[in-house]
Amino acid sequence: MTVKRITVPFDTEIVQSLKAGDRVLISGKVYAARDAAHKRMAESLEKGEELPINIDGEVIYYVGPTPAKPGQIIGSAGPTTSGRMDKYTPELLELGLKGMIGKGYRSQDVIDSIRSNQAIYFGAIGGSGALIARTIKKVEVIAYEDLGTEAIRKMVIEDFPAIVINDSYGNDWYKQGSETYRSI
Amino acid sequence: MRTIHYKDIVDKVAVICQEANYDLGEDVVNAFKTAMKNEASEIGKDVLGQLIENANIATTERVPMCQDTGVSVFIVELGQECHIDGGNLYEAINEGVKKGYEEGYLRHSIVDHPITRKKSLGYNTPSVIHVEIARGDQLTIHMSAKGGGSENMSTLKMLKPSDGLQGIKNFILETVRTAGPNACPPLVVGVGIGGNFEKCAYLAKKSLFRPIGERSHLEEIAVLEAELMEDINKLGIGPQGMGGSTTALDVKIEIAPCHIAALPVAINLNCHASRHKEITL
Ligand code: SF4
C-alpha cells in the first residue's frame, strides 16, 4: 500500500487528489486547537469579531498535549475526539478552513460541509501520542494562552502519519473500512 | 495491627501513576503482536505496528504513551489489620497522584465543576477511589489511567430479565458498534451484569483491571467472553476504526446476584491504551 506525502497548507487541487482510505504523511504548518479554543472562536464570530488566526486555507489539528519535559519540543500529542468540535466546524469551513486532523466520527453536517467547501478530514492514530510527538518539530503558542493545554498553537510537522477519512467527494472511510470487513 | 505510613502511600502511588502512563503492560503489547499476525486489513496492520512502536518510545523515553493521561481510578484492597499512620488514605492517594502527574509531566485533565467546567491547578485530582476491605494486614493499590475517549462511549442499561442472554449480547455489540473509532479500538470491553444500577457499573470497571488473555473463572462466563470476542471482531471496525478484524483485544465479564425484576448491564469500554499498575504495601 502506498503512502502519499503531502505538504500543508494545501490547495484545492491537492485536496481533490486525496481519497478516503489514502495513507498520508503530512508536512508543513498546522494549527492546534481543541474544545475551549473552538468555543472561544465561535463566540468571537458571533460577536462579529475577528479570529486571532486567519484560517483561510489552513489545517487544524485537534490536540491537547501533555506538558513538555525539559528539552522536549512537545509532550505526547496524539489526536483527540473530533466529534466534540462538530458544532463549531461548518462555520470554520465556510471561512476557508481546508483540513482537520483528529480521531473519530464527524457528524453528517460536517461531512456535507467538508464536501461543499472542498476540504478534508484526516484521522490520526489515537493513543499514539509519543510517536506523533516525534513528527512535531516546532511549537509556538499564538493565541488564547490562558487556556493552557487548550491554547491555540502553531506547529511545524514533518511526516505526520494519518489516513484520509472524509474526502472532498463525500466519502467516509470509517464507514467504508468497517463495511469491508464486517461479517455479522 | 500493621502500620503503614501515609508518606509511603504517597510515594508509591506517584510511581505507579507514572509507570502506568509510560509502560504499557506486557499483556497489552503481546495482544498487539498477536493481533498483527491475524489482522486482515493492511491499514489495520499498519496501525497496530504504530501502536507497538509508540509503546516502545514511551517506555524508553519515559513519556506518556497517550496525551490523555486519564482519570486516575483506584481499586484499593485494604486489609482490616492495617493501620494508616499520618493521615487519611484518600488524601494519601490524591497526594500521590498530584506528585506523580506533576513530576512525571502527565496531563491534568480534570475540571472541578462538570457544568461550569472551571479548572483549578489540582493536578488531575480528585481521583476516583474505590476501597474494598480485605482480610489480613496488607494494602494493595490497583491504579488505572482511564482515558476519556473510551469512557465517553461506555453505556449502562437496565434490561428486562426476559431480554435474556441475547438481549445482553445485542446491547454489547451495539455499544461497540456505536463507539466505532471514537473509543480508540482495539478495545478491552468490560462488562458488569447483575447487581444493581451502580454495582454493575463498578463490576464493569473492575473487570478492566484483569489482565488481557485471562478468562473468567466461571465456566459459562468464560464461554460467553470468548463468544462475544469473536462476534465483536466480526463487526469490521478494526484498529482505530479504519476497518479490519481486530476490534477487541479482549472481553471481560463480571457478574453479581440481582433483584428478581432486574437485569442491569453496564459496559465500560477501554481503549488500547489499557493502562494499569498495582502495588502492595
Ligand atoms: S481513548 Fe484512550 S488511546 Fe484514545 S486518546 Fe483517549 S486515552 Fe488515548
Side-chain angles (χ1 to χ4, degrees), chain A residues 1-3 20-23 34-36 39 63-72 74-84 102-106 123-134 147-150 161-165 173-184, chain B residues 21-22 40-44 46-47 50-51 53-59 61-69 102 104-109 117 119 147-149 152-153 173 177 179-185 230-245 247 271-273:
Chain A
M1 201 179 258
T2 53
V3 181
D22 282 351
R23 282 194 286 176
R34 52 175 291 163
D35 308 55
K39 184 161 181 264
V63 60
T66 55
K69 285 210 255 189
Q72 267 188 325
I74 192 167
S76 291
T80 192
T81 308
S82 311
R84 294 193 315 271
K103 65 148 177 137
Y105 294 125
R106 304 313 303 256
I125 299 174
S128 67
L131 178 77
I132 288 177
R134 287 193 165 178
L147 295 179
T149 183
E150 300 207 31
I163 291 144
V164 176
I165 303 293
W173 184 251
Y174 285 139
K175 220 162 135 194
Q176 289 176 22
S178 62
E179 273 164 13
T180 309
Y181 293 96
R182 183 166 184 156
S183 59
I184 194 171
Chain B
N21 278 292
Y22 301 160
S41 106
E42 276 304 310
I43 296 188
D46 197 39
V47 171
Q50 292 192 37
L51 294 180
E53 198 187 336
N54 183 65
N56 284 338
I57 297 172
T59 294
E61 292 183 9
R62 312 310 291 155
V63 292
M65 66 198 78
C66 182
Q67 75 290 335
D68 180 0
T69 51
E102 198 166 355
Y105 296 91
L106 304 178
R107 201 180 75 186
H108 163 210
S109 312
R117 315 301 293 174
K119 195 167 171 177
N152 276 346
M153 305 313 286
L173 287 174
R177 208 189 53 76
N182 290 28
C184 284
E230 213 171 286
D231 287 351
I232 288 170
N233 284 332
K234 284 186 190 154
L235 288 172
I237 295 165
Q240 209 55 37
M242 303 292 178
S245 53
T247 301
C271 47
H272 57 74

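- A 4.5 Å side-chain heavy-atom check between L51(B) and I125(A) finds at least one atom pair inside the cut-off.
- Here the shortest heavy-atom pairing between P64(B) and A130(A) reads O-CB, 3.8 Å.
- Listed by chain and residue number, D23(B) satisfy the salt bridge (charged side-chain N to carboxylate O under 4.0 Å, His left out) test with R62(B) (two or more places apart in sequence, or in another chain).
- Both the backbone and the side chain of S41(B) come within contact range of chain A, each with at least one heavy atom under 4.5 Å from a heavy atom of that chain.
- Within the 4.5 Å cutoff, side-chain heavy atoms of R182(A) are placed close to those of R177(B).
- Residue Q176(A): no heavy atom, backbone or side chain, is found under 4.5 Å from chain B.
- Interface residue D231(B): backbone and side-chain heavy atoms are both found under 4.5 Å from chain A.
- Between I163(A) and Q240(B), the closest side-chain pair of non-hydrogen atoms is not below 4.5 Å.
- Counting heavy atoms from C-beta outward, M65(B) and L131(A) have side chains that stay 4.5 Å or more apart.
- A donor-acceptor distance shorter than 3.5 angstrom exists from the side chain of Q67(B) to the backbone of G78(A), with no hydrogens or angles considered.
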Using side-chain contact (heavy atoms from CB on, under 4.5 Å), reason through D35(A) and R117(B) one step at a time and then give a plain yes or no. CA-CA 11 Å; D35(A) 308 55; R117(B) 315 301 293 174; over 6 Å; no
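- Here the side chain of T81(A) pairs no donor or acceptor atom with the backbone of G149(B) at under 3.5 angstrom.
- Between I43(B) and W173(A), the shortest heavy-atom contact is CD1-NE1, 3.9 Å.
- Contact of A133(A) with chain B is not made at all, since no heavy-atom distance falls under 4.5 Å.
- Taking both residues in full, the closest heavy atoms of P65(A) and R107(B) are given as O-CD, 3.5 Å, listed atom of the first, atom of the second, then distance.
- Between P67(A) and Y105(B), the closest side-chain pair of non-hydrogen atoms falls below 4.5 Å.
- Heavy-atom pairs under 4.5 Å with chain B were tallied for G75(A), P70(A), G123(A); the largest tally goes to P70(A).
- With values rounded to the nearest 0.5 angstrom, E53(B) atom CD is found 7.0 Å from R134(A) atom CZ.
- The nearest pair of heavy atoms linking C66(B) to G127(A) is SG-CA, 3.8 Å.
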Go through I184(A) and L235(B) one step at a time and tell me if the side-chain contact (heavy atoms from CB on, under 4.5 Å) criterion holds. CA-CA 6 Å; I184(A) 194 171; L235(B) 288 172; 3.7 Å; yes
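- Of the atoms belonging to A55(B), not a single heavy atom falls under 4.5 Å from chain A.
- Rounding to the nearest 0.5 Å gives a distance of 8.0 Å between CD1 of I132(A) and CG of N54(B).
- If you take OG on S128(A) and NE2 on H272(B), they are separated by 7.0 Å, rounding to the nearest 0.5 Å.
- With a 4.5 Å cut-off on non-hydrogen atoms, A124(A) touches chain B through its backbone but not through its side chain.
- Residues M242(B) and Y174(A) meet the side-chain proximity criterion, which asks for heavy atoms closer than 4.5 Å.
- Looking at A40(B), the atoms closer than 4.5 Å to chain A (heavy atoms on both sides) sit in the backbone and in the side chain alike.
- The heavy-atom pair separating P181(B) from G104(A) by the smallest distance is CG-CA, 3.8 Å.
- Here D46(B) is the residue among L106(B), D46(B), T69(B), I237(B) with the most heavy-atom pairs under 4.5 Å with chain A.
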